[in-house]
Amino acid sequence: MNRLPLAAPEDLRDWLRQYLRADRRGVVVVLALTVAATVAGLVGPALLGEFVESVQRGTTTAHVDLLAIAFVVALVVQVLLHRASRVRAAVLGEAALARTRERFVDRVLRLPLGEVDSVDSGDMLSRATSDVEKLDEGVRHALPQIFTALVLLALTLGAMLVTSPLLTLVALITTPLLVLSTRWYRKRALPAYERLLEQWSDVRSSTHESVLGAFTVESLRLSGRRIDHGNRLLARARKTQKHTIGLQSRYFPCLDLSVFLPMAAMLLLGGWAYANDLVSLAALTAMVLYVERLADPLGDLMAWLDELQMGWAALRRILGVERIRVDREDTAGVPAEQGTGGSVVLRGVRFGYTPDRPVLHGIDLEVAAGERIAVVGSSGAGKSTLGKLLAGVHRPTAGTVHVDGVDVSDLGADELRKRIAMVTQDTHVFAGTVRDNLALPEPPAGQPDGWTDEQLLEAARAVGADEWIESCDDGLDTEVGPGETHVPEAVAQQFALVRILLAQPQVLLLDEATSALDAAASEHAEGALSAVARGRTVIAIAHRLDVARDADRIALMEGGRLVELGSHDELLEQGGLYARLWRAWTAAEAETAGAAG
Ligand SMILES: Nc1ncnc2c1ncn2[C@@H]1O[C@H](COP(=O)(O)OP(=O)(O)OP(=O)(O)O)[C@@H](O)[C@H]1O
């Protein structure tokens with residue numbers, strides 16, 4: 001399984017730029033509120049310094065009262081502005097997060113199907129769930145807090161410089177320790193967090209796989225092995241987590257020192273400077289309070305920097321999905337009117353999942369509009385691969401696939417789905433009502449409210465799904481999916497056919513669509529398929545030769561090549577591989593029937 005790519009640092013910078021530009025006014029308001037709150041906060045220490053100095057000099061009660069009132073007003077204004085800036089920043093963060101989520105979902109839905117087929121589903125799941133949560137913490141809380149802390153730091157330092165450049169130097173005594181330890185930590189923490197997220201995604205993949213393959217795990221008694229596998233992955237993630245905690249345990253004490261040493265130095269050296277008349281008492285008092293105030297934003301930085309690093313690592317994974325090229329845009333391509341009917345022409349089609357292992361070696365095939373072709377061949381002959389090329393899941397490495405004269409590679413995603421639909425044995429029932437499950441195709445133009453119940457039931461009737469739906473108390477409103485009314489496999493297959501009937505594609509690709517059903521259900525479904533196939537071009541990949549026999553023509557594949565093509569009777573007459581397969585198949589069927597009788 002392939003891992004999805006990670007975004008490059010420039011993608012993250014672009015994202016940040018877009019985040020700041022998307023609501024410039026909002027950003028300016030947050031910035032202004034933060035600066036105003038910080039300025040209001042800086043007034044307090046200055047007033048207290050003035051208070052101490054005037055008390056020492058000797059002052060009037062009125063002056064002291066005035067200072068006290070000014071101090072309280074500054075404090076109230078600071079609290080109000082600070083709260084407003086946090087609320088605004090959180091709203092900004094929420095909007096940015098919503099945009100990022102939408103961007104992610106939109107991109108995932110437009111990923112090339114071939115790519116979706118080959119990527120690790122656990123990796124994708126982790127990015128869509130836990131990574132988005134990590135980013136949520138980072139964007140909603142860490143980014144505004146860090147921003148506020150930085151503004152506070154910058155303005156407090158400015159006020160300190162204005163109050164006493166000499167004591168500011170004292171306050172900066174631990175700056176080299178702060179810069180060096182932060183640089184040391186950042187260099188190690190970011191890759192460690194990226195590794196950690198990747199390893200947690202492996203844990204998820206393993207659990208996801210065990211749940212999906214629960215029956216196989218149970219029947220082959222693999223649970224011990226699956227648990228061991230999960231434990232190994234967990235141990236690896238735990239080791240990395242311990243490593244990150246180890247990094248923090250070395251970095252955080254340096255930060256603590258950077259916060260508290262300047263305060264001790266300020267008291268000692270400040271006292272000495274005051275004793276030697278190098279600074280006034282007001283300046284010293286204000287500087288001690290400023291240094292004390294620095295502890296808060298530095299503490300915030302300490303607490304949130306880690307969240308931000310984690311959010312940053314998560315963002316690299318979320319935006320990484322955009323590194324995969326979308327191979328067809330929704331609206332790109334050919335006008336809907338061009339060519340209808342459903343003729344299919346393959347010319348010199350070659351394909352391999354990997355460059356070193358070609359699977360199809362030059363297929364030429366012409367299917368007339370409305371014709372029904374069955375593709376047969378032994379396992380691994382390349383039938384499903386051919387079907388995926390016809391459905392536009394993969395592009396041929398050489399040659400072309402045309403539908404009604406249009407190259408399938410040039411069709412936009414929506415146009416492609418309108419023309420060609422694929423029915424496989426994997427039918428998915430979505431959690432929701434029966435109506436939700438049937439009404440998935442776009443409703444016709446002029447029906448903005450979607451499909452009517454009559455239309456849905458008529459399509460259900462055509463494929464024989466109406467009986468089951470009517471047997472449910474709530475009919476189309478019946479809730480289905482995990483934990484709700486169980487939909488039998490055969491009915492799920494009929495649901496898939498209803499969607500096809502509603503979507504009205506010109507070409508229908510059936511990839512062993514009924515092979516997962518038991519004999520009775522399969523017969524029933526074949527009847528339903530005939531109803532859906534009427535008037536359309538059908539290319540059916542069949543493993544049962546009696547199903548293939550009824551097709552207009554049969555294409556026999558072997559080793560990635562089309563080796564025989566003709567009607568059942570023509571191929572029997574040729575006496576080639578198909579004729580041999582048919583004889584072997586009828587003999588085996590007769591033997592089974594004899595044994596059963
Ligand atoms: N996703 C994939 N990645 C790599 N190789 C693949 C993939 N899918 C199929 N193949 C290989 O391509 C070859 C053709 O497989 P394909 O599934 O098209 O054959 P098939 O005729 O449909 O077989 P079956 O009847 O068993 O489904 C096989 O060798 C198979 O191993």
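Note that the coordinates shown come from a computational prediction; the quantities given were computed from them, not determined experimentally. One-based numbering, in listed order, for ligands and for the atoms of each.
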Q.
Surrounding CD of E218 (heavy atoms of other residues, nucleotides or ligands, distance under 6.0 Å), is the total greater than 12?
A. no
Q: Please indicate whether E479 has more than 12 foreign heavy atoms, meaning atoms of other residues, nucleotides or ligands, lying under 6.0 Å from its CD.
A: yes
Q: Over 60° means perpendicular and under 30° means parallel, so classify the ring planes of H428 and F430, tilted if in between.
A: perpendicular
NZ/NE/NH1/NH2 to OD/OE distance under 4.0 Å, [X] and [Y]:
X    : Y    : value
R226 : E209 : yes
R127 : D123 : yes
E467 : R461 : no

Q: Could you pull out every protein residue that has a heavy atom closer than 4.0 Å to ligand 1, ordered by chain and then number?
A: Y353, R357, V359, S378, S379, G380, A381, G382, K383, S384, T385
